[in-house]
Structures are given as C-alpha cells and as structure tokens.
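Working notes, structure below.
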Protein chains: 2
Amino acid sequence: MPNRLSPVKSSASQSAASGSVEEASMFLVNQLCFAIYSTSLAMTKLYRPLLSGLGVTYPQYVVLLALWEQDDVTVTALGEKVSLDSGTLTPLLKRLQTQGLIERQRSAIDERQVHIKLTRDGASMKKKADVIHDQIACATECSSAERKSLTRALQKLRASLLAH
Amino acid sequence: MPNRLSPVKSSASQSAASGSVEEASMFLVNQLCFAIYSTSLAMTKLYRPLLSGLGVTYPQYVVLLALWEQDDVTVTALGEKVSLDSGTLTPLLKRLQTQGLIERQRSAIDERQVHIKLTRDGASMKKKADVIHDQIACATECSSAERKSLTRALQKLRASLLAH
DNA sequence: ATATATTATATTGTGTACAATAGAGTTGTG
DNA sequence: CACAACTCTATTGTACACAATATAATATAT
C-alpha cells in the first residue's frame, strides 16, 4: 500500500548544485563529515557477517575489546573508554549477559556501581576475534603504516570535535 | 531498582591486555575501525545542537544536502547517494515531509517509484545550512588541505571496504 | 545528624541502521 | 497473452545512540 501520494507525471531531469559552489568541497561526497559517516556505515556493514559468527554486533564487539584489555570495570569507566553512555550501554550489556559473555555485579562497597566482568566464554572469545581483526585489516587494502597514519589523523580530529 | 545483581566485594584492579600484543595496534583506541566509529559519533554529537535549530537530525541533513545538489530524485537514487536503504529512508523521508521540507510523489509513469522534491521551505533552508557547514569546518581545527586529504583517504578506504 | 548536592546506573522516548520480508508494479520470454 | 523474474518502496523486528529524566546511593555542607 503506497500511502496517500498523489500521482503525477514524473519529470526526470532537474536542477543541480544551485547556489554559490566555491568549489567541489560543497558536494556531499566531498564533505569530510559525510566521508566519516559513510565510511563508518561501510565498516560496520563489513563487520556484520564476520561478527555474526560470534553472535555479537560491532558495538558489542567494541565493548568486548575494551574488556579484553581491562576486565572488571564499572559501567561508567567502560562508557568513557568506548564513548557510550548508560542509555546505550545498559541494554547492550544486558544482551552480552544474556549470551553468557559477561557478568554484571553490583558493588558492595559502592552500591551505585555495577562491575562488568568477562565470563570464561567471554574471555575465550578473544582468540576468534583476533582472526576477524586480521580479516578487516586486509579488507582495508591499506598498509600498516597507512592505517596508523589515518588512525592518528582521526584521533586528532575527534579530539578537536569533542573540544567544541 | 537495580535488577537481580548479586552484590560482591569490589576488586578494583585487574589484568590488562592479556595475550600476544604485537604492539600498540591491538589497543582499542589505536584501532582504525574504532577511530572511525568514535569520530563519527563525535561528529554527529557536534552537529546535533547546531542542526536542532533547523529541526533536523544529521542523517536528515545529509538527505537535504543530497537534494540541494540534485532535486526530484527517486528514493532509490537518493539511497545510493547517501548510502542508506529504504528501511532507513522511508521513515526519515516521512519525517521530512511532516516538517514540510519535502514532498513525496508517486510517479504516474512508473508507479513503483516515489519522487522526492524539496518544498520552498526545504530549498530555502540551504542558506542556514551553509553557516553550519562553516562552523563544523572550524571545529575540525584542520586546514582546508588537511580536510581534503583526510576526506580522500576515507573515500579510498570506504571503497575498499565496500568491495569486500 | 540532616538537608543538599553529586554520582552511578537505569528508564523512556525519538530517530536512525539494516536484515528480512512483503507486495505492488514492470519487464522479459516463450 | 501468460507468467516468471525482477524492480521499487514499504513494513517488521532487532539493536544501537542519545537527550531527558528517574532513582537510589554516596558525599558534602551546615
């Protein structure tokens, strides 16, 4: 059911790039922000089939990466590391818990805090994830030096964006 | 109500970076994919307050950018340009229509197609958006050449990712 | 000690993303 | 023409993201 749309004669061609185009930088595809946005989408799209074998999404994988690096952290500490707030993390962590990859334990010392710990399954998943890391690195068709350089440029950009 | 969490003594410190870390590239913050992901989040976070003045989100703004460049396009053509499918675009376009920024007209020639056209309001919003574009460019703290170089590197990376 | 402020996590509501599917419309082939 | 294959958009269901808010616990100030 194509909801309430008055049919009309379709006029194919139309205007292009109206207004003062100082140069190509005004075009959508040449905007830095769109490049970041669309590359991020492409990246998660590539990860999806690889991670589905582990039963996790890319954001969940990022949380696991953080935990493999430092286990037994609070939700807030984890959120700072992966750059997500409780509104995103709480349901995400519940899903990881349901899958038996992590445990959530409220601290007895400060009962506001919830400590996140890897289970045996969650910890052992690291080995399989290392393979995926290599597959993605290969798909980038970048040398290690290129990846490192691009990563540093993005880190610098991100810091500038967060400062404003 | 902190749902069913058995309280325990909190043990603050713990292991770090177990396993064979060839070098710093294994750390989350030094991974290219996380840099893209987190920079994309930081970017939309910076856009949000600026775009809220126009009453649109960043993805909606991207769609408008595409339409300012080429008006009267089908949903599929728009989707290819902004890299989104109908599952995302259909509800997004309905919101833009509700706000009176676009019109959706089913083609009489090929009734499968829906043509998206800017309204007067939608077209005139471009001027305000140009100001935002400049503000964001400023926040990047990058020179025009740096932005261009980074954009090109991301375009190349995205093409590689999409090819796999 | 008690009121106040602050902190940590959870909840609610809106808006993406996208896989999978549906369904109407069009095209190609015999 | 019949009819299968294909195209285009919409729908459904799951999972982020995040602002705003809620709630309980802790810290601070008086």
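Using cut-offs of 30° and 60° on the angle between ring planes, the pair Y47(B) and Y58(B) is tilted.
The side chain of L92(A) lies closest to dC16(D), out of dC16(D), dA17(D), dA10(C). The side chain of E111(B) lies closest to dT26(C), out of dA17(C), dT26(D), dT26(C). Among the nucleotides dT11(C), dA10(D), dC16(D), the one closest to any side-chain atom of V75(B) is dA10(D). Proximity note for D110(B) (side chain, C-beta onward) versus dG25(C), dA17(D), dA15(D): the nearest is dG25(C).
The closest side-chain donor-acceptor pair between Q135(A) and H164(B), if any, does not fall under 3.5 angstrom.
Counting to the nearest Å, the C1' atom of dA8(C) and the CD atom of Q105(A) are 17 Å from each other. Rounded to whole Å, the distance from CZ on R106(B) to P on dC8(D) is 12 Å. Between Y47(A) atom OH and dC18(C) atom P the separation is 16 Å, expressed in whole Å. One atom, NZ of K94(A), and another, P of dT9(C), lie 13 Å apart when rounded to the nearest Å. Spacing between atom CG of L93(B) and atom P of dT11(D) amounts to 12 Å, rounded to whole angstrom units. Atom pair L41(A):CG and dC16(D):P shows a separation of 15 Å (rounding to whole Å applied). Protein atom CD of Q113(A) is 13 Å distant from nucleotide atom C1' of dA27(D), rounded to whole Å. The OH-P distance, from Y58(B) to dA19(D), rounds to 17 Å in whole Å.
Taking 4.0 angstrom as the limit, T88(B) places none of its side-chain polar atoms (N or O) nearer than this to OP1 or OP2 of dT16(C). Contact check, R104(A) against dT9(C): no side-chain N or O comes under 4.0 Å of OP1 or OP2. Between dA17(C) and K45(A), no contact under 4.0 Å exists linking OP1 or OP2 to a side-chain N or O. Distances shown here put a side-chain N or O of Q60(A) below 4.0 Å from the OP1 or OP2 atom of dC16(D).
At a cut-off of 3.5 angstrom, counting only N and O atoms as typed in the model, there is a donor on one side and an acceptor on the other between the side-chain of R112(A) and the base of dT7(C). Within 3.5 Å, a donor on the side chain of S86(A) pairs with an acceptor on the base of dA10(C), or the reverse. In this model, no side-chain donor or acceptor of T76(A) finds a partner on the base of dA8(C) within 3.5 Å.
R95(A) comes within 4.0 angstrom of sugar-phosphate atoms only, judged by non-hydrogen atoms across all strands, and of no base. If you check every strand for non-hydrogen atoms under 4.0 Å, T44(B) touches nothing.
With DNA chain C read from its 5' end, the first of the two nearest nucleotides for G87(A) and P91(B) is the one closest to G87(A). Between Q99(B) and A42(A), the one whose closest nucleotide on DNA chain C sits nearer the 5' end is Q99(B).
Between G79(A) and L89(A), the closest heavy-atom pair is CA-CD1, 3.4 Å.
With hydrogens and angles disregarded, a donor-acceptor distance shorter than 3.5 Å links the side chain of T119(A) to the backbone of G122(A).
Within the 4.5 Å cutoff, side-chain heavy atoms of Q155(B) are placed close to those of T151(B).
No option in V56(A), L93(A), T88(A) other than L93(A) meets the side-chain contact (heavy atoms from CB on, under 4.5 Å) test with V63(A).
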